[in-house]
Amino acid sequence: MPTPTFLPARPLFNFHSVIHSHGWYQLAPHQWDEERGVLTIVERLTSGRVVSASIRDGDHSGVILEAQARLGKRDSQELAATVSWMFALDLDLGEFYALADAEPRLAHCRPKAMGRYLRSSTVWEDVVKVMMTTNIQWGGTKRLVASLVSHFGEPLAADGARRAFPQPAAVARSRESTLRKLGLGYRSPYLLQLARGVVAGKFDLDRLKEAGRPTDEVRRDLLALPGIGPYAAATLLGILGRFDYIGVDSEAVRLVSKWFYEGAPVGEKEVNAVFARWGKYKSLAYWFWDYEGKQQTPMEAYEARSGD
DNA sequence: TTCCAGGGGTAGA
DNA sequence: TCTACCCATGGA
């Protein structure tokens with residue numbers, strides 16, 4: 001069997017915090033085993049090989065990656081680089097923690113090393129998944145993503161029932177009517193345009209990962225994608241490690257109204273005003289804020305309620 | 001049945 | 001730049 005590989009993270013790091021940073025660990029093709037603390041992924045490598053791998057905590061200093069099949073050197077290196085990206089192992093949040101230490105509602109961030117969002121292996125996958133969170137409940141997002149994976153994903157050789165996330169080309173070859181049958185509704189033409197644009201080279205999603213570019217430039221590129229508006233662009237910026245914009249959705253409005261405006265109706269402007277002082281860490285402050293004063297983020301509160 | 005969801009695109013002002 | 005309106009589907 002393949003040897004487990006340790007992938008070091010820039011301190012501070014907490015495996016559990018990355019997994020539970022947002023809902024991605026619940027979306028296909030990932031499988032999360034809470035008891036064992038193991039995330040199982042299915043990846044389609046550039047060699048064309050579809051592989052499964054498990055990822056677990058590396059003693060709060062990184063992750064332990066184990067492919068479930070023997071891989072060549074090139075495939076192994078690609079898989080390691082992919083997992084490093086997914087867990088944002090290189091992200092430095094020291095400046096954010098220094099600010100958070102002085103704010104009681106964010107003081108839990110440093111001890112739990114919160115701030116890294118679990119990423120997908122490709123920006124394409126993250127863009128599609130964020131698109132599937134728009135104007136739909138979370139249960140619907142899980143259903144749509146699972147449908148896309150089972151319908152368009154390439155199967156694992158060892159287990160045909162498990163598939164990788166679809167390649168852009170596989171979706172691009174599809175039709176709008178097919179996507180509608182999968183339940184995507186009015187998102188169908190957006191996804192089709194996105195996939196075809198990626199295949200045609202009109203949208204260069206990998207360029208969004210480049211760290212040197214100004215955030216507003218990356219944001220403009222995101223907003224130019226079909227089906228990606230202010231909420232989705234802000235969410236994707238956070239996933240990319242840029243925290244200047246808050247993805248204002250119905251949940252953000254609900255939280256800010258309840259905890260900062262005594263239940264009065266609020267909009268995007270008010271949500272941004274509340275967290276304006278956090279500057280380039282605005283969306284981290286919003287997302288990891290301990291609204292109820294129970295040392296608990298909204299995500300943790302949600303998971304406690306839903307039993308996840 | 002009605003409302004709305006981890007909104008986006010478009011037209012018109 | 002801001003607002004009104006439409007968009008599919010399923011859950012509450």
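Convention: sequence-line order gives letters A, B, ...; per-chain numbering from 1.
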Given the C1' atoms of B/dG9 and C/dG10, what is the spacing between them in whole Å? 22 Å
Is a salt bridge present between A/Arg74 and A/Glu78, judged by a nitrogen-to-oxygen distance below 4.0 Å? no
Rounded to whole Å, how long is the line connecting atom CH2 of A/Trp138 with atom P of B/dG7? 12 Å
Rounded to whole Å, CG of A/Asn272 lies from P of C/dC2 at a distance of 12 Å
Would you say the rings of A/Tyr25 and A/His20 are close, in the sense that their centroids are separated by under 6.0 Å? yes
Would you indicate what A/Ala232 reaches in the nucleic acid, counting non-hydrogen atoms under 4.0 angstrom: base, sugar-phosphate, or nothing? sugar-phosphate
Side chain of A/Thr134 only, please: which of B/dG8, C/dG11, B/dA5 is the nearest? B/dG8
Mind checking the P distance from B/dC3 to C/dC5? Whole angstroms is fine. 15 Å
B/dG7 phosphate, OP1 or OP2, under 4.0 Å from A/Thr133 side-chain N/O: no
Between A/Pro226 and A/Asp249, the residue closer to the 5' end of DNA chain B by nearest nucleotide is A/Asp249
For the ring pair A/Phe243 and A/Phe288, is the centre-to-centre distance below 6.0 Å? no
Toward the 5' end of DNA chain B, which comes first, A/Gly23 or A/Ile228, by nearest nucleotide? A/Gly23
Does the pair A/Thr133 and A/Tyr231 meet the rule for a side chain to side chain donor-acceptor pair (under 3.5 Å), with working shown? CA-CA 10 Å; A/Thr133 70; A/Tyr231 151 79; 2.7 Å; yes
Nearest-Å distance once atom P is located in both B/dA11 and C/dA8: 16 Å
Which of the following nucleotides, B/dG8, C/dG11, C/dA8, is nearest to the side chain of A/Arg187? C/dA8
With rounding to the closest Å, how many angstrom separate the P atoms on B/dG6 and C/dC2? 25 Å
In this structure, how many angstroms lie between the P atom of C/dA8 and the CG atom of A/Leu144, rounded? 14 Å
Distance under 6.0 Å and angle within 45° of ring axis: A/Arg119 vs A/Trp24: no
Does A/Arg213 have more than 12 heavy atoms from other residues, nucleotides or ligands lying within 6.0 Å of its CZ? yes
Is A/Gly227 touching bases, backbone alone, or none of the nucleic acid, heavy atoms closer than 4.0 Å? sugar-phosphate
Nearest-Å distance, CG (A/Leu223) to C1' (B/dT10)? 15 Å
With a 4.0 Å cut-off on heavy atoms, is A/Leu182 in touch with a base, just the backbone sugar-phosphate, or nothing at all? nothing
Separation of C/dG11 atom C1' from A/Gln137 atom CD, nearest Å, is 5 Å
Indicate, yes or no, whether a donor-acceptor pair under 3.5 Å links the base of B/dG7 to the side chain of A/Tyr186. yes
Check every atom of B/dG9, C/dG11, B/dG6 against the side chain of A/Tyr190 and return the nucleotide holding the closest atom. B/dG9
Base, sugar-phosphate or nothing for A/Leu184? Non-hydrogen atoms, less than 4.0 Å. nothing
note: A/Tyr291, atom OH; B/dG6, atom P; distance rounded to Å ~ 15 Å
Between B/dG6 (P) and A/Asp126 (CG): distance, integer Å: 19 Å
Return the nearest nucleotide to the side chain of A/Tyr231; candidates are B/dG9, B/dA5, B/dG6. B/dG6
Gap between atoms CD1 and C1', on A/Ile136 and C/dA8 respectively (whole Å): 9 Å
Side-chain N or O of A/Arg180 versus OP1/OP2 of C/dT9: is the shortest distance under 4.0 Å? no
Between C/dA12 and B/dG7, how far apart are the two P atoms, rounded to whole Å? 16 Å
